[in-house]
Enquirer: 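Below you will find the structure I want to go over with you.
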Amino acid sequence: MCKSVEEQSKMLLFRTYTRKELEQIFSTNRLDAIKRSLDRNGYIYATNGRGEELTLIITACTKPFTVFCKEELHYPPQTDFVKLKRFLKLLFFDEKFARLSYAEMEEQCGITAATISNWIRHLVNENLLMLDMAEFIYYNSRRTEDYKHITEEITKEEYNAAWAAYWEGRLDGYFLSVNRMYNVNQGTPHKKNVIVENGLEMERLNKLKQLLEDDTSE
């Protein structure tokens, strides 16, 4: 039997549901569990009738971004969706932010680089984003005398020159070769794949962007 959109994603439409429909969607016949799930996801609803004849009318949702991320993008319930929304708005709508290293992203938005990496990897696994395996952004990172971390974008040629110095000096020992690599650009070279949107997932991408632009939700 072909499942309805609601059964596949649990994103509910603003309409009237029979008790049987809700039990199929939430995989439980416990009305209290169904209501807890609705309340947790910010749905506003009213009920009519009792027992098997009960109907439930959904009229609004106060957390559409959270529901979409949990049910359509499969982020775990313990995700901080307020921070996730702030990060994704920067990632999708700020081209300069998207080119930053994860360390710089952390400094700008206050979310750890490890979390940022996990969130991006999650969207890659969901096929919304792809990592371009042929195009990279190159960086040079260093610390100032007061231990401030600085990352600067460099060219591919500068990146390759630094690593060439490293490999040329390997016979002289690891620490000396690292020092030679560092001296080329006065820092440590890094690179990351350019992040691109998957054109085959435009329906979900457009829905996500619409929710990100809606400042009235969450």
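On a predicted model such as this, the values are computed, not experimentally measured, just so you know.
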Enquirer: Are Ile57 and Tyr17 connected into the same hydrophobic cluster when the rule is that any two of I, L, V, M, F, W, Y join if their side-chain heavy atoms are below 4.5 Å apart?
Expert: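 Unlinked, Tyr17 and Ile57 end up in two clusters.
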
Enquirer: Would you give the length of the straight line joining atom CG of Asp132 to atom CD1 of Ile195, rounded to the nearest 0.5 angstrom?
Expert: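 One finds 10.5 Å between CG of Asp132 and CD1 of Ile195.
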
Enquirer: Determine the interplanar angle of the Tyr174 and Tyr166 rings, folded into 0 to 90°, and report it as parallel if under 30°, tilted if 30 to 60°, perpendicular if over 60°.
Expert: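 Tyr174 vs Tyr166 ring planes: perpendicular.
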
Enquirer: Holding to side chain to side chain donor-acceptor pair (under 3.5 Å), I want the full list of residues that pass it with Asp39, two or more places apart in sequence or in another chain.
Expert: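 Asp39 satisfies side chain to side chain donor-acceptor pair (under 3.5 Å) with Tyr45 only.
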
Enquirer: If you look at every heavy atom in Phe14 and Cys61, which pair is closest and at what distance?
Expert: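 Taking Phe14 first and Cys61 second, the nearest heavy atoms are CZ-N, 3.6 Å.
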
Enquirer: Can you name the ring-ring contact (aromatic ring centres under 6.0 Å, His included) partners of Phe92, sequence neighbours left out?
Expert: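 In terms of ring-ring contact (aromatic ring centres under 6.0 Å, His included), with neighbours along the sequence ignored, Phe92 is linked to no residue.
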
Enquirer: Decide yes or no for Glu21 and Arg15: does some side-chain heavy atom of the first lie under 4.5 Å from some side-chain heavy atom of the second?
Expert: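 Yes. Closest side-chain heavy atoms under 4.5 Å.
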
Enquirer: Would you mind reporting whether Arg86 and Ile111 have side-chain heavy atoms less than 4.5 Å apart?
Expert: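 They are in side-chain contact.
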
Enquirer: Listing request: all salt bridge (Lys or Arg N to Asp or Glu O under 4.0 Å) pairs with a residue in residues 152-174, at least two apart in sequence or in separate chains.
Expert: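 As it turns out, the salt bridge (Lys or Arg N to Asp or Glu O under 4.0 Å) pairs with a partner in residues 152-174, which skip direct neighbours, are Arg99-Glu153, Arg142-Glu152, Asp172-Arg180.
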
Enquirer: Do the side chains of Ile25 and Ile34 join up, straight or via other hydrophobic residues, at under 4.5 Å, putting them in one cluster?
Expert: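 Same hydrophobic cluster.
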
Enquirer: Find out if a path of hydrophobic residues (ILVMFWY) with successive side-chain heavy-atom gaps under 4.5 Å connects Leu88 to Leu100.
Expert: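 Same cluster: Leu88 reaches Leu100 through Ile, Leu, Val, Met, Phe, Trp or Tyr contacts under 4.5 Å.
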
Enquirer: Minimum heavy-atom separation for Cys109 and Leu90, please, with both atom names.
Expert: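 Closest heavy-atom pair between Cys109 and Leu90: CB-CD1, 3.8 Å.
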
Enquirer: Taking all non-hydrogen atoms of both residues into account, name the closest pair between Gly187 and Asn140 and its distance.
Expert: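 Gly187 and Asn140 have their closest heavy atoms at C-OD1, 3.1 Å.
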
Enquirer: Indicate yes or no: at least one non-hydrogen side-chain atom of Leu12 is less than 4.5 angstrom from one of Leu38.
Expert: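 With C-beta onward as the side chain, the pair touches.
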
Enquirer: Rounded at 0.5 Å granularity, tell me how far CG in Leu208 sits from CZ in Arg204.
Expert: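 One gets 9.5 Å once the value is rounded to the nearest 0.5 Å.
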
Enquirer: Quick one: CD on Gln24 to CZ on Phe26, what's the gap to the nearest 0.5 Å?
Expert: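 The CZ atom of Phe26 is 12.5 Å from CD of Gln24, to the nearest 0.5 Å.
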
Enquirer: Mind checking whether Leu200 and Asn127 have side chains closer than 4.5 Å, heavy atoms only?
Expert: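 The answer is no, as the side chains (C-beta and beyond) never meet within the 4.5 Å cut-off.
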
Enquirer: Mind listing the closest non-hydrogen atom pair of Glu104 and Thr151 along with its distance?
Expert: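 That would be OE2-O, 2.8 Å.
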
Enquirer: Determine whether Asn125 and Arg121 make a side-chain contact, defined as any pair of heavy atoms from C-beta on separated by less than 4.5 Å.
Expert: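 Heavy-atom side-chain distance check passes, below 4.5 Å.
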
Enquirer: How long is the gap from NZ on Lys85 to CG on Asp80, to the nearest 0.5 Å?
Expert: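 If we round to the nearest 0.5 Å, Lys85:NZ and Asp80:CG are 13.0 Å apart.
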
Enquirer: If two hydrophobic side chains count as joined below 4.5 Å and joins carry through other members, does Met202 share a cluster with Leu128?
Expert: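 They do share one cluster, since a chain of ILVMFWY contacts under 4.5 Å joins Met202 to Leu128.
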
Enquirer: Given side chains that start at C-beta, do those of Leu91 and Ile116 come closer than 4.5 Å, heavy atoms only?
Expert: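 A side-chain contact is absent here, since even the closest heavy-atom pair is not under 4.5 Å.
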
Enquirer: Counting C-beta onward and ignoring hydrogens, is there a side-chain heavy-atom pair between Leu212 and Phe65 closer than 4.5 Å?
Expert: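 Yes, their side chains come closer than 4.5 Å.
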
Enquirer: Heavy atoms only: give me the nearest Arg19-Asn29 pair and the separation to one decimal.
Expert: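 Taking Arg19 first and Asn29 second, the nearest heavy atoms are NH2-O, 3.1 Å.
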
Enquirer: Hey, quick one: are Val124 and Val196 part of the same hydrophobic cluster, counting side-chain heavy atoms closer than 4.5 Å, chains of contacts allowed?
Expert: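 No, no single cluster joins them.
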
Enquirer: Counting heavy atoms not belonging to Gln78, are there more than 12 under 6.0 Å from its CD?
Expert: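 Yes, the 6.0 Å shell around CD holds more than 12 heavy atoms from other groups.
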
Enquirer: Taking salt bridge (charged side-chain N to carboxylate O under 4.0 Å, His left out) as the test, write out the residues that go with Asp32, two or more places apart.
Expert: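 Asp32: salt bridge (charged side-chain N to carboxylate O under 4.0 Å, His left out) contacts with Arg30, Arg36.
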
Enquirer: Working to the nearest 0.5 Å, report the span between NZ of Lys207 and CG of Leu205.
Expert: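 Reported value, rounded in 0.5 Å steps: 13.5 Å.
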
Enquirer: Would you call the rings of Phe87 and Trp119 parallel, tilted or perpendicular, taking 30° and 60° as the class edges?
Expert: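 Rings of Phe87 and Trp119: tilted, as their planes differ by 30° to 60°.
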
Enquirer: CG of Leu56 to OG1 of Thr47: how many Å apart, nearest 0.5 Å?
Expert: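 Interatomic distance, Leu56 CG to Thr47 OG1, rounded to 0.5 Å: 6.5 Å.
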
Enquirer: Could you give me the CA-CA distance, side-chain angles and deciding distance for Leu84 and Cys69, then say whether side-chain contact (heavy atoms from CB on, under 4.5 Å) is met?
Expert: CA-CA 9 Å; Leu84 178 61; Cys69 287; 4.0 Å; yes

Enquirer: Looking at every non-hydrogen atom in both residues, tell me the closest pair between Thr28 and Ala33 and how far apart they are.
Expert: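 Of all heavy-atom pairs spanning Thr28 and Ala33, the closest is CG2-CB, 4.3 Å.
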
Enquirer: Report the residues that fulfil side-chain contact (heavy atoms from CB on, under 4.5 Å) with Ala113, sequence neighbours left out, ordered by chain and then residue number.
Expert: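 Ala113 satisfies side-chain contact (heavy atoms from CB on, under 4.5 Å) with Tyr102, Glu106 once adjacent residues are dropped.
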
Enquirer: Could you list all the side chain to side chain donor-acceptor pair (under 3.5 Å) pairs where at least one residue sits in residues 182-195, not counting sequence neighbours?
Expert: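 Listed once each, the pairs are Ser141-His190.
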
Enquirer: Give the intermediate values and the outcome of side-chain contact (heavy atoms from CB on, under 4.5 Å) for residues Val194 and Ile137.
Expert: CA-CA 6 Å; Val194 171; Ile137 303 172; 3.8 Å; yes

Enquirer: Would you call Leu123 and Tyr75 a side-chain contact if the rule is heavy atoms closer than 4.5 Å?
Expert: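 Contact flag for Leu123/Tyr75 side chains = yes.
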
